[in-house]
Number of protein chains: 2
Amino acid sequence: MESTQQNDQQRSADRRRRELLEAADRVVLRDGPGASMNAIAAEAGITKPILYRHFGDKGGLYAALAKRHTDALLNSLRAALDAPAERRERVEATLDAYLAAIEARPQVYRFLMHPADAGSPGDPGFDVGKHSLPLLRLMGEELAQVIEDRLDLGPGSQQLARVWGHGIVGMMHAAGDWWLGERPCSRAELVRSLADLLWGRLAAAGDRIGGPGF
Amino acid sequence: MESTQQNDQQRSADRRRRELLEAADRVVLRDGPGASMNAIAAEAGITKPILYRHFGDKGGLYAALAKRHTDALLNSLRAALDAPAERRERVEATLDAYLAAIEARPQVYRFLMHPADAGSPGDPGFDVGKHSLPLLRLMGEELAQVIEDRLDLGPGSQQLARVWGHGIVGMMHAAGDWWLGERPCSRAELVRSLADLLWGRLAAAGDRIGGPGF
DNA sequence: CTAGCATGTTACCTACGGTAACTGGAGTCT
DNA sequence: AGACTCCAGTTACCGTAGGTAACATGCTAG
């Protein structure tokens with residue numbers, strides 16, 4: 001039969017692909033986002049052209065590699081987002097899930113968040129990054145959807161939700177990036193501070209003596 | 001006299017440096033962040049090694065180039081931050097100043113915000129980026145200072161201010177990046193939506209029918 | 001006139017992303 | 001069995017990038 005043979009080949013190819021991705025993962029974890037195709041190929045015990053047959057170009061490998069971690073992170077975020085609890089608790093759980101993830105694997109985080117970006121539009125080999133728009137956008141859209149589904153924001157709610165989705169994700173990201181570098185406080189404190197910000201403490205704070213506040 | 005001669009040379013070198021930076025600016029504006037050293041040298045009418053003598057390596061040139069725009073942006077932000085107006089107006093003015101800047105010169109924005117990041121710690125030529133920690137950090141620290149100076153946040157105010165500074169800057173950045181790509185609404189609407197988010201509308205919003213809200 | 005110094009050049013090195021062309025072995029058809 | 005077709009894998013190469021060494025030129029000082 002022909003189809004079983006094709007299936008076998010497909011399965012074998014998929015297994016190989018997974019092996020390659022795992023090797024790539026190891027190298028990226030060790031060498032950071034600048035890992036070279038040669039290094040990855042060597043770690044996998046093979047040579048460059050195979051990588052290119054499997055993934056097209058470096059962007060393709062990046063996309064495949066990113067998708068694994070992205071999916072994992074998005075799943076944990078979705079879980080926190082969908083937990084049966086009050087809104088504030090859920091926001092805190094989501095922030096904490098994100099921060100815990102980047103704390104646990106900073107190298108992976110750096111790889112996902114700071115990909116080498118593409119060159120000028122005229123350059124050769126510019127098809128990189130066409131797939132897998134950055135993780136931040138995905139998270140922003142996802143959060144926007146959740147907000148729009150669950151909150152009553154009155155007129156213009158869809159646009160408002162999208163702005164907020166991307167804004168909140170950006171807040172989480174930037175604060176997390178800074179926190180990961182300096183570790184100025186515990187994760188729990190960071191979560192509380194961010195949630196407080198989202199909860200309007202900026203508007204509610206009193207002015208310092210000596211002039212109007214920020 | 002010796003010192004006047006040295007001064008002359010110094011001045012001449014500085015002028016040359018400025019010329020080179022202006023040429024680099026033009027190229028980066030035209031070719032995006034991936035502009036090559038060769039292209040920059042060609043635009044300046046000279047050859048590569050001169051660039052390297054002036055700036056050390058590509059990171060050095062990047063840093064020098066970034067500093068100009070960074071200073072300009074920070075100044076306009078400071079102006080908005082220090083304007084004599086109510087807090088909400090000032091927040092909106094600051095958001096708007098940032099968004100207007102990135103809207104006016106998206107190429108510069110991309111160059112500043114998405115620099116090609118450094119490779120692995122073991123690689124040669126890793127001294128890149130030692131100078132000029134990314135603009136986002138600077139803005140975050142600056143905003144944190146303003147917040148701490150002007151708001152009365154009770155105990156732990158310093159840490160809270162820093163978290164908020166970086167968080168708000170990140171929110172602004174991510175929302176701006178997304179907005180610049182999709183242009184889903186006017187700048188004014190975006191500013192209003194973000195200010196609303198900062199003003200606690202997330203906490204105040206009602207749940208949608210059908211379950212507890214986000 | 002020569003010594004020193006900054007400025008500039010050409011020519012080169014290394015490393016990377018990416019590709020073309022060949023090799024070897026497994027299965028298939030007659 | 002032997003020829004045919006795939007397909008993973010290889011070597012060897014290309015173009016371009018960042019970065020550097022070694023040589024040329026011109027100015028001012030003594």
Side-chain angles (χ1 to χ4, degrees), chain A residues 1-20 23-24 27-28 31-63 115-120 122-129, chain B residues 1-17 19-20 23-24 27-28 31-42 44-63 115-120 122-129:
Chain A
M1 214 207 241
E2 203 187 46
S3 72
T4 53
Q5 168 197 341
Q6 275 186 344
N7 282 352
D8 279 6
Q9 281 174 193
Q10 190 62 28
R11 248 195 334 184
S12 158
D14 281 8
R15 247 190 38 209
R16 198 85 186 87
R17 189 187 164 93
R18 255 194 298 276
E19 289 172 18
L20 297 186
V27 175
V28 166
D31 292 355
S36 84
M37 295 297 268
N38 260 325
I40 294 173
E43 170 71 27
I46 46 135
T47 49
K48 265 195 304 179
I50 314 182
L51 286 182
Y52 284 94
R53 256 214 276 277
H54 274 276
F55 303 104
D57 61 357
K58 192 173 191 175
L61 199 167
Y62 163 78
D117 34 353
S120 57
D123 281 0
F126 183 60
D127 39 61
V128 180
Chain B
M1 212 186 210
E2 202 186 45
S3 72
T4 52
Q5 167 199 341
Q6 273 185 345
N7 282 349
D8 279 5
Q9 281 174 192
Q10 190 61 28
R11 250 195 334 189
S12 156
D14 281 7
R15 248 190 38 211
R16 200 84 185 88
R17 190 186 165 94
E19 289 173 18
L20 297 186
V27 176
V28 165
D31 292 355
S36 85
M37 295 297 268
N38 260 324
I40 293 173
I46 47 139
T47 48
K48 264 195 304 177
I50 312 182
L51 286 182
Y52 284 94
R53 258 214 273 277
H54 273 277
F55 303 104
D57 61 358
K58 193 174 191 173
L61 199 168
Y62 163 79
D117 32 355
S120 57
D123 281 0
F126 181 62
D127 41 60
V128 181

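Proteins get letters first, then strands, A, B, ... in listed order; numbering begins at 1 in each.
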Undergrad: What does the list of N/O pairs under 3.5 Å between the protein and nucleotides 8-10 of chain C look like, with a distance for each?
TA:
| from | atom 1 | to | atom 2 | distance (Å) |
| --- | --- | --- | --- | --- |
| C:dG8 | OP1 | B:Arg16 | NE | 3.2 |
| C:dG8 | N7 | B:Arg53 | NH2 | 2.3 |
| C:dG8 | O6 | B:Arg53 | NH2 | 3.3 |
| C:dT9 | OP2 | B:Thr47 | N | 3.0 |
| C:dT9 | OP2 | B:Thr47 | OG1 | 2.4 |

Undergrad: Between B:Arg16 and B:Ile46, is the side-chain contact (heavy atoms from CB on, under 4.5 Å) condition met? List the steps.
TA: CA-CA 11 Å; B:Arg16 200 84 185 88; B:Ile46 47 139; 3.4 Å; yes

Undergrad: So which atom in A:Phe55 and which in A:Leu61 form the shortest heavy-atom distance, rounded to 0.1 Å?
TA: CB-N, 3.5 Å

Undergrad: In whole angstrom, give the distance that lies between atom CG of A:Leu51 and atom C1' of C:dG17.
TA: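 Distance, rounded to whole Å: 12 Å.
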
Undergrad: In whole Å, what is the span from the OH atom of B:Tyr52 to the P atom of D:dA17?
TA: 11 Å

Undergrad: Taking only distance into account, with no hydrogens and no angle test, what donor-acceptor pairs under 3.5 Å do side-chain atoms of residues 32-44 of chain A form with protein atoms, sequence neighbours excluded?
TA:
| from | atom 1 | to | atom 2 | distance (Å) |
| --- | --- | --- | --- | --- |
| A:Ser36 | OG | A:Asn38 | N | 3.4 |
| A:Ser36 | OG | A:Ala39 | N | 3.0 |
| A:Glu43 | OE1 | A:Arg30 | NH2 | 3.2 |
| A:Glu43 | OE2 | A:Arg26 | NH1 | 2.7 |

Undergrad: Working to the nearest 0.5 Å, report the span between CZ of A:Arg18 and NE2 of A:His54.
TA: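 Answer for the CZ-NE2 pair, A:Arg18 versus A:His54, is 12.0 Å.
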
Undergrad: Calculate the interatomic distance between B:Arg17 atom CZ and C:dT7 atom P; express it in whole Å.
TA: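 So the two atoms are 12 Å apart, to the nearest Å.
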
Undergrad: Rounded to whole Å, please give me the gap between CG in B:Asn38 and C1' in C:dA11.
TA: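 Roughly 13 Å, once rounded to whole Å.
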
Undergrad: A:Met37 CE to D:dG15 P: how many Å, rounded?
TA: 20 Å

Undergrad: What is the distance from CG of B:Asp57 to P of C:dT14, rounded to the nearest Å?
TA: 20 Å

Undergrad: Rounded to whole angstroms, how far apart are CZ on B:Phe55 and C1' on D:dG19?
TA: 16 Å

